[in-house]
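Because the structure is predicted, anything quoted here is derived from the model rather than measured. Reckoned from all heavy atoms, side chains included, excluding hydrogens, waters and symmetry mates.
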Number of protein chains: 2
Amino acid sequence: MKPSVVTSEPNGHYCDDCAVRGAAVCSSLDAAELREFEHLGRRVHFVSGETVFSEEDITTSFYNVLEGVMRLYKLLPDGRRQIVGFALPGDFLGMNLSGRHNFSADAIGVVKVCQFPKGPFGRFIEDRPQLLRRINELAIRELSQARDHMVLLGRRSADEKVATFLLGWRERLVALNGPSDMVALPMSRQDIADYLGLTIETVSRTFTKLERLGVIEIIHGGISLLDPARVEAMAAA
Amino acid sequence: MKPSVVTSEPNGHYCDDCAVRGAAVCSSLDAAELREFEHLGRRVHFVSGETVFSEEDITTSFYNVLEGVMRLYKLLPDGRRQIVGFALPGDFLGMNLSGRHNFSADAIGVVKVCQFPKGPFGRFIEDRPQLLRRINELAIRELSQARDHMVLLGRRSADEKVATFLLGWRERLVALNGPSDMVALPMSRQDIADYLGLTIETVSRTFTKLERLGVIEIIHGGISLLDPARVEAMAAA
DNA sequence: AGCCAAATTTGATCTGGGTCAATCGGCTGC
DNA sequence: GCAGCCGATTGACCCAGATCAAATTTGGCT
């Protein structure tokens, strides 16, 4: 989908009521710093399918996801797509070396982000090593996830990929919303396929297979994990 | 291969004659800092096949590769292996969150590293934000490479994988040793296969195919790039 | 409610790359 | 010099997952 209007609420920005205040990069800041920090960023929201930034764009901002889900992906010249991750509230985007984003990001459903212009943000970091350390921490965590995903893409079967995805996604939702066996899947089957290095048909068939085995139930907008232990067994080698 | 003797030269350590002084993490330090820094680490070398650290090991050190090549990999419980990268001189290893390495590393041929105990290194970083910034920079670069590799693993054909690998590996060697169309391949075919998410047979067949097409020549310990442009065409979509 | 468009599921068939099985070198040690 | 071994190559065959092709379900819009 094409980017459309980006609406912002430049005056409605207070970290006080921010859902991710304690989780995101912000968790490394004390109350006074947070006060100063909030003037740097502004809340921006995106409608479903809107592109937040593109692979080849010059980086002008950092983003802190406040609400919603984003798909992060890279495209090959012929249109093949690999989704390199899904961003959820608390995730921090925009770190790069080249001065360009090296992947694209768009909204899955409504997304709200806290957007920081690169310059002021960089200056704010300058004399706050604990914020830099926090960003480093997030980068290292992502790196670890990226390596896990390489194992999945390079060495796992379709069944293992889907099972691993369901468990991993559930874990992220649990961390945000608390325990539940209902796993919301706001992304399309195509998104899941492009994340797992499969086709949409294989993803669909594997879901159906899991349902027939009685380990999940496919419900509207997600699945219900009926037998987490069996899914875990499928995910492991 | 099993780990064998680790020899060290605790007194022979001077950054002055270090080949990677200007390239690695060290590039962020001035002469005085480098003097202090060199007392933190010690040179250790490993013979071919020796394991430098294992996935499940508690992290006790950071490593700066000085010489040689290492394979970095993760294993699934049933033995399937995914190589997540190759480390070359200048690469910095050991960053993690959990306190455990999340991949294993072993030497391909003789390897020399500069090993820093975690504690003293952490304290040294403490009041040197430019070193932290340098480490962050390296982490972000790796993250970008990891994403590129996800695209390769998830969405590229065997031919594209091999061609992309040869060009990428050549680029790294060129950055270290200067331009050349001879591409040394110190790693085994199995290593290449496990890096690309293929089998050894497919890698071998693809090499043979490239040679028959006249775009590479398979030589002892590597290949010669006869027609880089054609290989690039194969690598792109 | 009813209609169109898009997403998903299902089925039939095909194929790229895996698996299994010989060879084929090239070093090493004697 | 040659026996033994290990990595690499080659060949024959197979299969997991891709591709192609319909249904079928869902969702948005009058």
So which protein nitrogen or oxygen atoms get under 3.5 Å of nucleotides 17-20 of chain D's nitrogens or oxygens?
residue : atom : partner : partner atom : Å
D/dG17  : OP1  : A/A158  : N            : 2.7
D/dA18  : OP2  : A/T199  : N            : 3.4
D/dA18  : OP2  : A/T199  : OG1          : 3.0
D/dA18  : OP2  : A/T202  : OG1          : 2.5
D/dT19  : O4   : A/R205  : NH2          : 2.8
D/dC20  : N4   : A/E201  : OE2          : 3.0

ask   = How would you label the contact of A/T208 with the nucleic acid (heavy atoms, under 4.0 Å): base, sugar-phosphate, or nothing?
value = sugar-phosphate
Value in whole Å for how far the P atom of D/dT9 lies from CG of B/L210 = 12 Å
Exercise answer: donor-acceptor pairs, residues 196-205 of chain A side-chain atoms, under 3.5 Å, sequence neighbours excluded:
residue : atom : partner : partner atom : Å
A/T199  : OG1  : A/T202  : N            : 3.3
A/T199  : OG1  : A/T202  : OG1          : 3.1

query = Atom CD1 of B/I200 to atom P of D/dG11: distance rounded to whole Å?
reply = 17 Å
request  = Taking only Lys NZ, Arg NE, NH1 and NH2, and the carboxylate oxygens of Asp or Glu, determine whether A/E160 and B/R80 approach each other closer than 4.0 Å.
outcome  = yes
inquiry  = Would the distance check show the side chain of A/Q82 and the main-chain N or O of A/D194 forming a donor-acceptor pair, the cut-off being under 3.5 Å?
reply    = yes
task = Answer yes when A/D159 and A/K209 have at least one side-chain N-carboxylate O distance shorter than 4.0 Å, and no when they do not.
result = yes
ask   = Between B/R81 and B/D106, is there a side-chain N and carboxylate O pair less than 4.0 Å apart?
value = no
note = Separation of D/dG7 atom C1' from B/D194 atom CG, nearest Å, is 14 Å
Separation of atom NE2 in B/H220 from atom P in D/dC6, rounded to whole Å = 18 Å
Distance-minimising heavy-atom pair for A/T59 and A/G94 = CG2-O, 3.7 Å
task = Output all residues satisfying ring-ring contact (aromatic ring centres under 6.0 Å, His included) with B/Y195, sequence neighbours left out; order by chain, then residue number.
result = B/F86, B/H149, B/F165
inquiry  = I'd like the 5' and 3' limits of the part of DNA chain C contacted by chain A, with heavy-atom contacts below 4.0 Å.
reply    = C/dT8 to C/dA12
task = Determine to 10° how strongly the helix from C/dA1-D/dT30 to C/dC30-D/dG1 is bent, judged from the axes of its five-pair ends.
result = 50°
query = Looking at A/R43 and A/E67, does any basic side-chain N land under 4.0 Å from a carboxylate oxygen?
reply = no
query = How would you list, by chain and number, every residue that makes a side chain to side chain donor-acceptor pair (under 3.5 Å) with B/R172, sequence neighbours excluded?
reply = B/D91
query = Just wondering, are more than 12 heavy atoms of other shown residues or ligands nearer than 6.0 Å to CD in B/E55?
reply = yes
key: Atom of B/S61, atom of B/Q115 and distance for their closest heavy-atom approach   = OG-NE2, 3.1 Å
